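A short write-up of the structure that comes next.
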Amino acid sequence: MVKITEDNKGFYDAVYSVVMLIPKGKVTTYGHVAELVHRPANSRQVGSALKHSHLLISQLAAMDGDSVSYSYQGLPWQRVVGSGGKISPRSDSHGELEQVTRLRQEGVEVSEARVVSLDRYGWFPDEVSW
DNA sequence: CAAATGACAGGTA
DNA sequence: GTACCTGCCATTT
């Protein structure tokens, strides 16, 4: 299982911080998040960070305590999707279904395992398109 | 050290 | 539009 180390700590911290900034009703991609944390080739690791967010965030909190400004409960992981808006398949489909449910609940239209509305502009640094 | 594994992405057929 | 295929890279086996 993944684990926080001195080497990867900054990466995970940055990923969770960026994901926290995505507004309700908007979505972005794993690749976009990777770019925003200046590790454009690590989109797969972004997926890993979200998959294990419960475990990893608790580890970060244990290490850094108060400086950690996010929590597993408050992390809007559902707002990160694959390129083209695809809902990434999991080994256990429960996660995918949960993601679709959460997105629809906040007004994001999802059809055929894919986000339809590409309302993703104006939420972070500059206008970013996918 | 080599091989396999992934909540990925981009290009090609 | 869909289906593969290849590149990618941290982790695990």
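Below, chains carry the letters A, B, ... as their sequence lines are ordered, and counting in each starts from 1. Values in this document were obtained by computation on a predicted structure and should not be read as measured data. The figures here come from the full heavy-atom set of this structure, side chains too, leaving out hydrogens, waters and symmetry mates.
- We find that CG of A:Leu75 is positioned 13 Å from C1' of B:dA7, with the value rounded to whole Å.
- Nucleotide B:dA7 holds its C1' atom 17 Å from the CZ atom of A:Arg79, rounded to whole Å.
- A straight line from CG of A:Asn42 to C1' of B:dG6 spans 13 Å, rounded to a whole angstrom.
- The aromatic rings of A:Tyr16 and A:Tyr70 sit tilted relative to each other, their planes meeting at an angle between 30° and 60°.
- Ion pairing between a basic and an acidic side chain is recognised when a charged N comes within 4.0 Å of a carboxylate O; A:Glu106 and A:Arg102 show no such pairing.
- Rounded to whole Å, the distance from CG on A:Leu56 to P on B:dA7 is 13 Å.
- In this structure, A:Glu6 places its CD atom 17 Å from C1' of C:dA10, rounding to the nearest Å.
- In terms of modelled atom types and a separation under 3.5 Å, the side chain of A:Glu109 and the main chain of A:Val116 share no donor-acceptor contact.
- When atom types are taken as modelled, the side chain of A:Glu96 and the backbone of A:Arg90 share a donor-acceptor pair closer than 3.5 angstrom.
- The phosphate of C:dT11 has OP1 or OP2 within less than 4.0 Å of a side-chain N or O from A:Asn8.
- A:Val80 and A:Thr29 get closest at one heavy-atom pair: CG1-C, 3.8 Å.
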Per-nt protein contacts along nucleotides 8-13 of chain B (heavy atom under 4.0 Å; B base, S backbone sugar-phosphate only, - none) come out as BS----
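- Look at NE2 on A:His52: it is 7 Å from P on B:dA7, rounded to the nearest Å.
- Following rounding to the nearest Å, A:Lys3 (NZ) and C:dT13 (P) show an atom-to-atom distance of 13 Å.
- Note: CZ (A:Arg114) to P (C:dA3) measures 10 Å, nearest angstrom.
- The side-chain heavy atoms of A:Gln99 and A:Leu103, taken from C-beta on, include a pair separated by under 4.5 Å.
- Listed candidates were C:dT11, C:dC9, B:dA7. Nearest to the side chain of A:Leu50 is B:dA7.
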